[in-house]
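Some notes on the structure that comes next.
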Amino acid sequence: MDMHFKFLTAAALMAGLYGAIPAQAADTSTNELIKRGEYIAIAADCGACHRQTHEDGKPYAGGYAIDSPMGRIIASNITPSKQFGIGSYTEKQFADAVRKGVAADGRNLYPAMPYTAFHGMTDDDIHALYVYFMQGVKPVDDAAEDKTQLGFPFNIRQIMWGWNLLYRSDKPFENLKGGSVELNRGKYLVDVLGHCGTCHTPRNMMMAEENDKYLSGGPLGGWYAPNITPDKSGIGDWSGKEIVTYLKTGHVAGKAQAAGPMGEAVEHSFRYLSDDDLNAIAVWLKQVPAITTSVAEVSKEAPAQTDINRVISGQGSQSSLADSSGTDGAVLYNGACASCHGIEGQGTKDNFYPSLTSNSAVSGPTAQNLVMAVSEGLHRKGSDSDVSMPAFGQQMSNAQIAAVSSYVRSQFGHIKEPVTVDQVNTWRSGGEVPFIVRYVNYLTGGGAFIILLVLFGLLRLRKKK
Ligand code: HEC
Ligand code: HEC
Ligand code: HEC
C-alpha cells in the first residue's frame with residue numbers, strides 16, 4: 001500500500017466514525033455556544049469591570065479600578081492571553097474563579113469580583129461563558145494597566161479565606177419549588193447573573209450582604225442604590241412594565257432616571273437583555289418580601305414662593321456660577337438647571353428633560369443621588385435614546401452644590417431638611433467609610449483583625465450548630 005492510499009483509508013475510516021457529526025454542524029454548535037456565552041457575559045456585566053479605562057479600550061483587557069472602601073482593586077485582564085490573561089485557565093479553574101473567587105494560581109480574589117453572586121451560576125452557563133472567553137474574545141497581550149495595592153491588613157489575600165468561610169455560599173442555585181419557569185429565571189437573573197444585590201442589598205460591618213434586608217437599599221461610594229422591594233418605601237408603586245422600561249431605557253417618566261453605577265449597568269448590560277428576561281426580572285422583583293425603609297420627611301406646607309424677578313434679574317447667569325461665593329439655591333437653580341428642567345422643575349412635555357417634582361433622586365431618603373448627579377452629570381445610552389446632563393462638580397463649589405440641592409429638595413420634593421456641605425464633601429469623596437475600615441486602624445495591628453475574623457468564624461459556626 002502506498003502512503004497516499006493508507007492516508008485515504010484512514011481518512012475514510014475517520015469519516016465513517018465521525019460522519020455522524022459533519023464538521024459544519026460542530027462549528028455551528030460552537031458558534032451557538034459562543035453566542036450564548038456572550039449573552040451571559042453581558043447579562044453578568046463582566047465587561048463593565050474588566051475593561052481598560054481609556055476611551056476605545058480593548059474589551060476585557062482589565063485595568064479598571066474599583067474604588068472599594070478598602071482601597072482600589074484592579075480588575076484583571078480576562079482575555080485568553082496566555083501570559084497576561086486567562087488563556088491557560090482550564091474550565092475547572094475558570095469555574096472556581098467565577099464561582100468561588102479563587103484564581104488559577106490559588107490567589108483569593110477580593111469580593112469586588114462578585115463571586116458571591118456568581119456562585120450560583122449553572123454548569124451550562126459556566127461552560128458557554130468559558131467557550132466564549134477562550135474562543136470568542138481576542139487575546140490582549142498586555143498587563144492590566146494598574147495593580148491592586150491595598151493597605152495592611154487587606155493586602156493579605158489569605159484573610160479572604162476566613163471571610164469566604166463565613167459569607168460565601170457554596171450551595172448551587174436552587175429553583176423555588178412550585179415556582180414558574182419565568183419566576184425562577186427572574187430569580188436567577190437578579191441573584192446570580194445581574195448581581196443586583198451586590199449594590200441594592202445593604203452590607204453588615206464585615207462588608208457582607210445582609211440577607212434579611214435583601215434588596216432594601218445600600219450605599220455605593222457616594223451613590224445610593226435604592227430599596228427595590230415592592231414596599232411603598234421601595235418600588236411598590238411601579239408596575240412590572242415600568243421596571244422593564246427602566247432596565248431597558250434607563251428612565252421611567254415621572255419616576256426615575258438611571259445615573260452613576262446604575263446608568264452604566266443599563267448601558268452596558270440590561271438594555272441588551274431579551275424582553276422575556278426583563279419580564280422575568282420584573283416578575284421576581286414584584287414578589288420578593290417587601291421591606292420598609294426610612295423615607296424623607298415631606299412637609300405638607302407648600303414651599304416658599306421663589307421671587308422669579310430676583311432670580312432672573314441677571315444674577316442667575318453663568319457669572320454667578322463662576323463666583324464661588326454665591327450660595328443662593330434659587331439663583332443657582334435658575335442659572336444652571338432651569339433651562340432644561342424648567343423653572344418649576346416641570347421638565348419638558350416629552351420628558352426628554354425629566355421633571356424634578358416626582359423624581360426618586362430628588363425625593364429619596366437621602367439626597368446622595370441628587371448631589372452625585374449634579375456633581376458628575378449623566379451620560380447614558382439606553383435602548384431608546386442617548387441622554388446627557390452636564391457635570392457641575394468643576395464649576396460649582398461643594399457649598400453651591402449643597403445650596404442648589406437643598407433648593408431642589410425643598411422646592412420640588414417639599415423636603416425641608418437641608419443638604420449640608422459636610423454631606424456633599426463626604427459623598428463626593430466616596431461616601432461613608434464602613435465600620436471595618438474605620439476601626440481596623442485603631443486595632444493594634446492586623447493581628448487583632450485576624451483574631452477578630454476567627455472569633456466571628458467561631459461564633460457563626462456555633463450559631464449554625
Ligand atoms: C463588579 C466588578 C466585576 C464584575 C462584574 C466581574 N468581575 Fe471578574 N474580577 C473583578 C476584579 C476586581 C477582579 C480582581 C480581584 C482581585 O484582584 O482580587 C476580578 C477577577 C476575575 C478573574 C481572575 C483573573 C485573575 O487571574 O486574576 C476572573 C477569571 C474573572 N474575574 C472573571 C469574570 C467573569 C467571567 C465575569 C462575568 C461573569 C466577571 N469576572 C465579572 C471584578 C469584576
Ligand atoms: C453597580 C451597582 C448596581 C447594580 C449591579 C444594580 N443597580 Fe439598580 N441602582 C443602582 C443605583 C446607584 C441606583 C440609583 C440610580 C439613580 O437614581 O440615578 C439604582 C436604581 C435602580 C432602580 C430605580 C429605583 C428608584 O427608586 O429610583 C431600579 C428599579 C433598579 N436599580 C433595579 C436594579 C435591578 C433589577 C438590578 C439587577 C438586574 C440592578 N438594579 C442592579 C445601582 C445598581
Ligand atoms: C442640558 C440639560 C440639563 C441641565 C442643564 C441639567 N440637567 Fe438634570 N438631567 C438632564 C437629563 C437629560 C437627565 C436624564 C434624563 C433621563 O435619564 O432620561 C437629567 C437628570 C437629572 C436628575 C435625575 C438624576 C438621577 O440620578 O436620577 C436630577 C436630580 C437632575 N437632573 C437635576 C439637575 C439639577 C439640580 C441641575 C442643575 C444643577 C440639572 N439637573 C441640570 C438634563 C439637564
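Note that the structure is a prediction, hence the values are computed from the model and not measured.
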Please list every donor-acceptor pair under 3.5 Å in which a side-chain atom of residues 213-222 meets a protein atom from a residue at least two apart or in another chain.
| residue | atom | partner | partner atom | Å |
| --- | --- | --- | --- | --- |
| Tyr214 | OH | Asp191 | OD1 | 2.4 |
| Tyr214 | OH | Trp284 | NE1 | 3.0 |
| Ser216 | OG | Lys213 | O | 2.7 |

So do the side chains of [X] and [Y] get within less than 4.5 Å of each other, counting heavy atoms only?
| X | Y | answer |
| --- | --- | --- |
| Leu332 | Tyr407 | no |
| Glu38 | Tyr272 | no |
| Val98 | Tyr115 | no |
| Val404 | Phe392 | no |
| Ile291 | Asp231 | no |
| Pro354 | His341 | yes |
| Tyr246 | Lys241 | no |
| Tyr110 | Met160 | yes |

Would you call the rings of Phe133 and Phe94 parallel, tilted or perpendicular, where under 30° means parallel and over 60° means perpendicular? tilted
Correct closest heavy-atom pair for His200 and Pro226 would be ND1-O, 2.8 Å
All heavy atoms of Val371 vs all of Val419, minimum pair found to be CG2-CG1, 3.9 Å
Test item: [X] side-chain N/O and [Y] main-chain N/O as donor-acceptor pair under 3.5 Å:
| X | Y | answer |
| --- | --- | --- |
| Arg380 | Thr249 | yes |
| Gln423 | Thr420 | yes |
| Tyr39 | Leu273 | no |
| Thr79 | Val140 | yes |
| Gln400 | Gly326 | yes |
| Arg157 | Asn108 | yes |
| Arg428 | Ser375 | no |
| Tyr188 | Thr122 | yes |
| His50 | Ser76 | yes |
| Asn359 | Ser355 | yes |

The test is side chain to side chain donor-acceptor pair (under 3.5 Å); show your working for Thr366 and Gln368 and say whether it passes. CA-CA 5 Å; Thr366 134; Gln368 302 183 237; 3.2 Å; yes
More than 12 heavy atoms of other residues, nucleotides or ligands under 6.0 Å from CD of Gln346: yes or no? yes
Step through the shown structure and confirm whether more than 12 heavy atoms of other residues, nucleotides or ligands are within 6.0 Å of NZ on Lys286. yes
Checking Asn227 against Thr229 for the side chain to side chain donor-acceptor pair (under 3.5 Å) test, could you report, in this order, the C-alpha distance in whole Å, the side-chain angles of both residues, the deciding distance, and whether it holds? CA-CA 6 Å; Asn227 180 347; Thr229 72; 2.9 Å; yes
Check step by step if salt bridge (Lys or Arg N to Asp or Glu O under 4.0 Å) holds for Arg409 and Glu297. CA-CA 11 Å; Arg409 291 263 279 180; Glu297 199 182 317; over 6 Å; no
With a distance cut-off below 6.0 Å to the six-membered ring centre and an angular limit of 45° from the axis, does Arg99 pair with Phe118 as a cation-pi contact? no
Applying side chain to side chain contact (heavy atoms under 4.5 Å, CB included) to Ser269 and Glu264, what does each step give before you reach the verdict? CA-CA 8 Å; Ser269 174; Glu264 289 185 25; over 6 Å; no
Less than 4.0 Å between a side-chain N and a carboxylate O, is that true for Asp384 and Lys248? no
Salt-bridge test for Glu242 and Lys255: reply yes if a basic N is under 4.0 Å from a carboxylate O, no otherwise. yes
One pair to check against side chain to side chain contact (heavy atoms under 4.5 Å, CB included): Met121 and Leu193. What are the steps and the verdict? CA-CA 7 Å; Met121 217 182 275; Leu193 297 186; 3.9 Å; yes
